[in-house]
Amino acid sequence: MSSHVDEQVGGQQSPIDISGYVSGGVPELSFEYGGNAECLTNTGEFVKALYEDGGGIRLGDEAYQVVEAHFHNPSEHTVEGQRFALETHLVHRRESEIAVVGVLYRLGAANAAIQAVIEAAPGQGEDDVPVSGMPASDFLPSGRGYYGYMGSLTTPPYTEGVRWHVLSDVLEVSAEQVERLAALTGGEENSREVQGLEGRRIASYGM
Ligand SMILES: [Zn+2]
């Protein structure tokens, strides 16, 4: 590898285009969310709901704790080449391990959970806003099927070894909501381009 290549960036980067997946070979994903978010924060690039005691997910026998939800417009993952209007990332930790659940939205009816974020979130440079609700379960569709693969964080330092779970059940969000959410972080798109699969396998579960 030549010296100018970032050492963190190998062959396991995210997001990806989800296509050519095979059924099985990944564990059941179950949700054990419960507690409310602590606050909404605005990093300038992302609006985030932060969790300290929000429950988490279970992947087979392994429990991961939810730490945040944040939003990308448009979606980072594409499915069969199709990009979506919005993508929520629910980020979980198990000691140093990271597991992310991605939720996709197509344009359509307004989404209640996204509306709650828009109405409560601080603007750029403003203080965090405490919230009294917004459990991570508010962001989930009803379906539990997902596409699983090994990838990375999609923002610096692009750390690899991240377990990705993009839910197959797509939600709806209105065009006005996408615009208002984006406006909170300056109106720019905040999604990384699709990365090469580099021989990785994408598995589907529960579809
Ligand atoms: Zn993200």
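Remember, it's 1-based here, ligands and their atoms both numbered in the order they're listed. Throughout, residue positions are numbered sequentially from 1 according to the sequence presented.
For the Zn ion (ligand 1), protein N/O/S neighbours under 2.8 Å (waters excluded) are His70 NE2, His72 NE2, His89 ND1.
Of all the heavy atoms in Gly44 and Gln124, the pair that sits closest is O-NE2, 2.8 Å. The shortest non-hydrogen separation linking Ala136 to Leu90 is CB-CD2, 4.1 Å.
A cation-pi arrangement is found for Arg192 relative to Tyr158, the charged atom lying closer than 6.0 Å to the ring centre and inside a 45° cone about the ring normal.
Ring centers of Phe46 and His89: at least 6.0 Å apart, outside the cut-off. When ring centroids are compared, Tyr147 and Tyr21 come within the 6.0 Å threshold.
A salt bridge does not link Arg163 to Glu97: none of the charged side-chain nitrogens sits closer than 4.0 Å to a carboxylate oxygen.
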